[in-house]
Amino acid sequence: MATVSSDQLRDRKERLETALARTPGTPQLGRLLEEVDAALARVAAGTFGLCEVCRDPVEPERLLADPLLRFCLDHLTEQEQRDLERDLQTAARIQRGLLPPPDLSANGWDVHYHWEPASLVSGDWCDVVPRDGGDLFFMFGDVSGKGVAAAILMSHLHATFRALVAAESTVAQLVERANRLFRESTLSPYFATLVCGRAGADGVVEVCNAGHCPPFVLGADGVRTVDPTGLPVGTFYSTRYGARTLTLAAGDSLVLYTDGLTEARDRSDAEYGTQRLARTLARTHGLAPRDVVGTCLEDLAAHMAGAPKRDDLTVMAIRRTR
Ligand SMILES: [Zn+2]
């Protein structure tokens, strides 16, 4: 669990004092300094991070973003709740803006995905980047946890992969570097499972699976899975990643999904499961990506029969067209 240390608070106090010395007579800085002092006093008294109304711990990821918080989500003032709601809506818009277009055709491949957060924002992420050389890179993942902290890490991964995809030659090297950068800049309890792939115009697909739900390959002779080739990103600083090479014929597809699909539970607590997904996908060979994804979602809805969704859900299909 992530925690804020009193060192961080003291560091903040020092910086505020320096800023105040440079710009005396700034009332906001003075007030902020008082709040930091009050937080340090709470550390000394052993009440730091506890809600002043209910005495329960304030949500750790919120406290990490703002160590001066004094109330849990249940005990915000009405104004604070309205501000939070507005911030979340903005975050949701920004996050949707990071996603690729839902339908994309490039370099002999058609792609479609469905991205559905459990609340306003999601820890799921997908991206598709056609490169000039004729390759199509795709990235697909799930950051541990849900909500705002997961969403921030999701946008961090998005930026990392976008920056690396132009430079790296193999998907395994790409994931290795992304893992180091993620590990350097992220607190240890967080990790991400992801699949990174490169689809060539010749039908050869290189897939690195960092601890993610095994994607399905839909061929004329049935479905098979692409098992993990390494640990989730963020597990250890130095981790080697391997990759598998698949060859897809025209009409074959690769289907990626997050556990929001396979671990969805109906009202009797029965999981949708990978076996049912495999049976459903076996009926979709040759279909357009939008119809493959649509078939999965329809079958999931039939299983759920109106039960509430509890997790972020993303499904993506990539079909070789020629
Ligand atoms: Zn409270």
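Just so you know, ligand 1 is whichever comes first in the structure, and atom 1 is the first atom listed for that ligand. None of these values were measured; they are calculated from a predicted model. Residues take their numbers from the sequence shown, with the count starting at 1.
The pair K309-E116 counts as a salt bridge, with a side-chain nitrogen and a carboxylate oxygen less than 4.0 angstrom apart. Checked for salt-bridge contact, R62 and D66 miss the test: no charged N lies under 4.0 Å from a carboxylate O.
Residue pairs meeting the salt bridge (Lys or Arg N to Asp or Glu O under 4.0 Å) criterion with at least one member in residues 275-290, sequence neighbours excluded: D103-R290, R276-D299.
Residues W109 and F138 place their aromatic rings such that the two centres sit no closer than 6.0 Å.
D142 and H212 share no side-chain donor-acceptor pair at under 3.5 Å.
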- Task: Show your reasoning for whether side chain to side chain donor-acceptor pair (under 3.5 Å) applies to T258 and D124.
- Result: CA-CA 7 Å; T258 52; D124 285 2; 2.9 Å; yes
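Below the 2.8 Å limit, the Zn ion (ligand 1) has as protein N, O or S neighbours C51 SG, C54 SG, C72 SG, H75 ND1.
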